[in-house]
Every structure is written in structure tokens, then in C-alpha cells.
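All remarks here apply to the structure that follows.
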Amino acid sequence: MAKKRKHSETEAAPQKKEEVAPERPKRTLLGWKDKKNDDRATPTESSLVFRNKEKVLVTCSRRINYRYRHLMLNVVDLLPHCKKDNKVESKSSKGANLNELVELKSCSSCLFFECRKGKDLYMWMAKSPSGPSVKFLVNAVHTMEELKLTGNHLKGSRPLLTFSSNFDKDPHWKLLKEMITQIFGTPKEHRKSKPYHDHVFVFSIVDDHIWFRNYQISVPHNESDKIARGGMDKMTLIEVGPRFCLNPIKIFAGSFGGPTLYENPFYISPNQIRSMQKKKKAGTFVKKVKAKTRRKMHELENPLEQDEFAEMWKE
């Protein structure tokens, strides 16, 4: 009979390996990302493409006038990539509060409508959190409700931005042009936007003021919604609204403050204009008072001679 092998001589049974499911690749905004090739990955054309993720926070201060509130709502309707928020108290610490709100709403820019004394409207245009920011005085406000113009375009469609040639003259106008382009330009393929260009935003500089107009692009077409031959030559612009004028006051390096990069030398505050008008009105009253005093002095200097027959009938 054969001898039995010792227990130590017996070969150990092969262990079964645990079957593990392959790790799922990580999902990114640009597609699926494989972890194996992550370290050795080379930049491809798709990864180098710039994607505009601009989002704008639009809010206003407390005790705002109804006309200015309607203007803010018109601007919100024109910007599909914006987010609204509650009113903010207009204090010295409003910059920190607004920067915090912009971060909470995951936005990169802010439009803040600030109303003072129930009469004056100021608009802050800021890039958060690092800046720059601009403070405007808003004049010549006309909302869509009061204009009642015939133009009409799709809500959420992407606008064409046009600027006058004056924006390329001075560096502060170039900076304002870039900020307006980033804030008012709707990002491509935004989820709330429509892939059409059927209206134009016009920004023009007249008398050192920025004038805003919104026009619909109207093209004649047939009943089958096809543009007739030569129809592009008959393209017209129909105004939609709103209208407003921006008077730049200061440009700051930071967000809602910081070092002053530019200050408008031709800016006159509304308080000074109102005080000058009051002085003008007060001038008419002062003229009347001076005329009365002059009359009295003339009467004292040139008294009338006594009449001989003045007291004749008293007896």
C-alpha cells in the first residue's frame, strides 16, 4: 500500500479571486472621463473650447419707485440667464451682502438698482467677487408698459449687441463695452434661452451718456413661413423697449468698491441740480423784494410837494 502524504506536504488549494465590478467613469460637463487615462491625458480640442457660463443676479434696494421696479422687471425679461433675488437694504455694507448673495446664487455678475430719495435711480454693474464695478445714474427711463410700441420678439431669444464707434476711443469706454458684452450677452446653448437672433440691443454714446434701445428684427415672409427672394434686403427694425440712459459716475477696481479707476469730470449729482433750480425759483422772489425796497427808497428820496387845496374841504 502506498504511504499517505503528510499534511504539510499537501498543496494549498488555489483561492478564488473576488469579482469586483469595474469602476464607473466620472461624469463631467464635457462628457465621461476615464480615470485610467486621467493622469496621462493630453488636452484635446473639446477640452480647450471656452464655454460661457455667465449668470447675472438682478436685484434692487428697498423703497424703490414703481417705475424703476417695472424697468428692473423689463431687464429681467430681456436676460434669460439672470436670477432674481429679494430687495437689499441700501447701506454702506451693501457691497459685502451683494457679493455673498452672488456667491450663494452661483452667479458671476450683478445688476443692482439703487433708489435714493424716491427720485434718483442708480445702477451698479459689477463682476463678482474680484471686480471691476461701475456706478451709473439712470436717466430718461421709459418702460415697456408706458411706451406701448408695436415691436415684439420671442422671450428668451438671444440678442445681437451693437455698439457705436465711440466705445473704441478711450480705455474706460472699452472697459464698459466689455462689461456690457459679458452681462447683456446671453450665453450660447443656455437652458432658458432660445437659439434665435430676432432682436438687437443698441448701445450708443451721445454727450458722454450711454443710450440703450431694443429693436426687433422684422423680415417679410410668405404664408409658408419662408423668406421671399430678396427679403433680407427689406429687413427693418421695430423698437420694442425699454429705453433708458446711463450716465457713468465712477469705475472701481473691486466689486462694489475699491480703488477708483475712473471718475467722470462732467458728472453733476441730482441734488446739485435740484438746489440750483430752487435758487433759480428763489431768485424771482428776491427780485420782487428788491423792487419793493427800491420803490420805497425812491419815494423817500423824492417826496411829493404838498398840495395847497388838500385841506380845503376838511373845514
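All values below were derived from every heavy atom in this structure, side-chain atoms included, with hydrogens, water molecules and symmetry-related copies excluded.
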Under 4.0 Å between a side-chain nitrogen and a carboxylate oxygen: does that hold for Lys188 and Glu54? no
d(Ile249 CD1, Glu263 CD) to nearest 0.5 Å is 10.0 Å
**Asked** Yes or no on side chain to side chain contact (heavy atoms under 4.5 Å, CB included) for Ser193 and His81, after CA distance, side-chain angles and deciding distance?
**Response** CA-CA 7 Å; Ser193 67; His81 61 290; over 6 Å; no
Smallest heavy-atom separation, Pro242 atom then Leu78 atom, equals CD-CD1, 3.8 Å
Item to check | Tyr66 and His70: CA distance, side-chain angles, deciding distance, side chain to side chain contact (heavy atoms under 4.5 Å, CB included) verdict | outcome: CA-CA 6 Å; Tyr66 71 96; His70 290 174; 4.2 Å; yes
Decide if atom CG of Asp207 counts as having more than 12 heavy atoms of other residues, nucleotides or ligands within a radius under 6.0 Å. no
So the side chain to side chain donor-acceptor pair (under 3.5 Å) pairs with at least one residue in residues 157-166 (sequence neighbours excluded) are Ser157-Asp198, Ser157-His199
Exercise. Return the orientation label for the Phe252 and Trp124 ring planes: parallel under 30°, perpendicular over 60°, tilted otherwise.
Key: parallel
| task | Using the side chain to side chain contact (heavy atoms under 4.5 Å, CB included) rule, take Leu237 and Ile217 through it: C-alpha gap first, then chi angles, then the decisive distance, then the call. | result | CA-CA 5 Å; Leu237 297 177; Ile217 302 172; 4.0 Å; yes
Check this for me: Lys84, atom NZ, are more than 12 non-hydrogen atoms of other residues, nucleotides or ligands nearer than 6.0 Å? no
Should Glu178 and Lys174 count as an ion pair when the cut-off is N to O under 4.0 Å?
no
Do any side-chain atoms of residues 279-290 form donor-acceptor pairs under 3.5 angstrom with protein atoms, and if so which ones, sequence neighbours left out?
{"from": "Thr284", "atom 1": "OG1", "to": "Lys281", "atom 2": "O", "distance (Å)": "2.6"}

Nearest heavy-atom contact between Ser90 and Arg116 is OG-NE, 4.0 Å
All heavy atoms of Gly118 vs all of Asn65, minimum pair found to be O-ND2, 3.9 Å
Taken to the nearest 0.5 Å, the spacing of Asn264 CG from Lys135 NZ works out to 13.0 Å
Distance col, row Arg67:CZ vs Leu71:CG, nearest 0.5 angstrom, shows 9.0 Å
Report task. Check the surroundings of atom CD in Glu299: do more than 12 heavy atoms from other residues, nucleotides or ligands lie under 6.0 Å from it? Result -> yes
Heavy-atom nearest pair, Leu149 first then Gly241, reads CD1-N, 4.1 Å
Distance col, row Glu103:CD vs Lys105:NZ, nearest 0.5 angstrom, shows 13.5 Å
Heavy atoms of Cys110 and Val102 approach each other most closely as CB-CG2, 3.8 Å
Only residue of Phe184, Phe167, Trp211, Phe244 satisfying ring-ring contact (aromatic ring centres under 6.0 Å, His included) with Phe203 is Phe184
One should read off an interatomic distance between Glu100 CD and Ser128 OG, to the nearest 0.5 angstrom, of 10.5 Å
| said: Could you check whether atom OH of Tyr267 has more than 12 heavy atoms from other residues, nucleotides or ligands sitting under 6.0 Å from it? | reply: yes
The reported gap from CD1 in Ile180 to CG in Leu175 (rounded to nearest 0.5 angstrom) is 9.5 Å
Correct closest heavy-atom pair for Ser109 and Lys127 would be OG-NZ, 3.0 Å
